[in-house]
J.: 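There's a structure below that I have some questions on.
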There are 2 protein chains.
Amino acid sequence: MGATKADVFTAEQVKLAQLAKALAHPARVAIVQMLARRGNACVCGDIVDELPLAQSTVSQHLKELKEAGLVAGEISGVQTCYCLSAEGVRFARLALGELLAEPALKPACC
Amino acid sequence: MGATKADVFTAEQVKLAQLAKALAHPARVAIVQMLARRGNACVCGDIVDELPLAQSTVSQHLKELKEAGLVAGEISGVQTCYCLSAEGVRFARLALGELLAEPALKPACC
DNA sequence: GAGAATTATCGTAATATTGCGATTGAAATG
DNA sequence: CATTTCAATCGCAATATTACGATAATTCTC
C-alpha cells in the first residue's frame with residue numbers, strides 16, 4: 001500500500017511529514033529557490049519556462065506547494081502570480097529546524 | 001511516470017529533495033524524534049515496539065533514513081543500534097534552513 | 001462576440017512508495 | 001550443534017506520485 005497510517009501518528013508528525021514532502025522533489029525545490037531569488041518580482045508562468053517540465057506538470061507542483069502553505073498564488077487577469085508565503089516558509093523553517101535541532105545531538109553512541 | 005528527471009536539476013536541488021523525502025513520512029519523523037529524545041541511549045528494535053508498524057516496515061524506514069545520512073546504524077551482536085548522525089542532521093538543518101531562509105522573504109507581493 | 005493567451009484540470013501511463021507476511025542471515029544461548 | 005532472537009531482505013498487493021498531452025476555463029484584445 002502506498003497508504004500511510006496517518007491516523008496513528010501525532011498531528012505534529014503528520015504536519016512535519018507534509019512539509020517535508022512538499023520539498024521532496026527537485027522541481028519543487030527549484031521553484032522555491034526561484035521564488036526566493038526573484039523576491040517580490042512575483043513570478044508567474046515564467047516558472048514553466050525555467051523548468052524542463054511541461055506546463056501541466058509545473059502547475060501540479062505549484063498546487064502541492066500551495067497546499068503545503070509554502071506558496072501563495074494570486075490570479076491577476078490572464079495570468080497567475082506566485083510567491084513564497086512568508087508565514088508558511090517561516091513555519092516550515094522553524095518546524096523542521098526544531099526536528100533537526102542541535103540539542104537533539106546528545107553524546108551520540110554509534 | 002513516477003520517475004523524476006533528476007538529471008535536469010542541480011545536484012543541490014536533488015540533494016535537498018532527498019533530504020526532504022527522508023523526512024516526508026510520519027513514521028520517519030517519529031523515528032527521528034525518538035532517537036533525539038533517547039539521546040545516546042541508542043535505541044534498537046525498541047523502535048519497532050514504539051511504532052504501530054510491522055518490523056519489516058520499520059526496517060525499511062530506517063534504511064531510508066540511513067541512506068539519507070540522517071541516521072547511523074551499528075550492529076552489535078544480535079541487535080542493531082541506531083542513532084542520529086550528528087553530521088547528517090546538522091547538514092540537513094543547515095541545507096533546509098538555507099532553502100527556507102528569512103532573507104528569501106523579500107517584500108512579498110501576493 | 002471571435003480569437004489569442006495563460007493556467008487549471010482531466011485522463012492516462014509509468015514508476016515509486018508503503019506495508020505486510022514470510023524468509024533469510026547472523027549471533028547469542030542452551 | 002539445535003534453538004532462539006533480532007534484524008534485513010524478498011515478494012507481493014495497494015496506493016501515491018510524476019509526467020505528459022489534451023481539454024477546459026478564464027480573461028484580455030480585437
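Just so you know, these numbers use all the heavy atoms, side chains as well, and skip hydrogens, waters and symmetry mates. The sequence lines fix the lettering, A, B, ..., with proteins before strands; numbering per chain opens at 1. For clarity, every value in this text was computed on a predicted model and none was experimentally measured.
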J.: Any salt bridge linking B:E50 with B:R38? Criterion: basic side-chain nitrogen under 4.0 Å from a carboxylate oxygen.
T.: yes

J.: Over how many whole Å does the gap from B:L51 atom CG to D:dA7 atom P extend?
T.: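 Taking CG of B:L51 and P of D:dA7, I get 13 Å after rounding.
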
J.: Rounding to a whole Å, what distance do you find between A:Q18:CD and D:dT17:C1'?
T.: 15 Å

J.: Write down the protein N/O and nucleotide N/O pairs, taken from nucleotides 2-9 of chain C, whose separation is under 3.5 Å; answer none if there are no such pairs.
T.:
residue, atom, partner, partner atom, Å
C:dT7, OP1, A:G45, N, 3.1
C:dT7, OP1, A:T80, N, 3.4
C:dT7, O3', A:T80, OG1, 3.3
C:dA8, OP1, A:Y82, OH, 2.4
C:dA8, OP2, A:S59, OG, 2.9
C:dA8, N7, A:Q55, NE2, 2.9
C:dA8, N6, A:Q55, OE1, 3.1

J.: Taking all heavy atoms of A:L53 and all of A:A27, pick out the closest pair and write down the distance.
T.: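 Smallest heavy-atom distance, with atoms named: CD1-CB, 3.7 Å.
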
J.: Would one find a side-chain N or O of B:H61 under 4.0 angstrom from OP1 or OP2 of C:dT17?
T.: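 It does not, given that no N or O in the side chain of B:H61 lies less than 4.0 Å from OP1 or OP2 of C:dT17.
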
J.: Considering residues at least two apart in sequence or located in another chain, which fulfil the side chain to side chain donor-acceptor pair (under 3.5 Å) criterion with B:Q18?
T.: none

J.: Which pair of heavy atoms, one from A:L100 and one from B:A92, lies closest together, and at what distance?
T.: CD1-CB, 3.8 Å

J.: Write down the distance between NE2 (A:H25) and P (D:dA16), rounded to a whole number of angstrom.
T.: 18 Å

J.: Whole angstrom is fine here: how far is it from CD in B:E64 over to P in D:dA8?
T.: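 It is 13 Å, rounded to the nearest whole Å.
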
J.: Respond yes when some side-chain nitrogen or oxygen of B:K21 is under 4.0 Å from OP1 or OP2 of D:dT17, and no when none is.
T.: no

J.: Compare every heavy atom of B:L51 with every heavy atom of B:A30, then report the nearest pair and how far apart it is.
T.: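 Where B:A30 meets B:L51 most closely, the heavy atoms are CB-CD2, 4.0 Å.
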
J.: For the residue pair B:F9 and A:H25, categorise the inter-ring angle as parallel (less than 30°), tilted (30 to 60°) or perpendicular (more than 60°).
T.: perpendicular

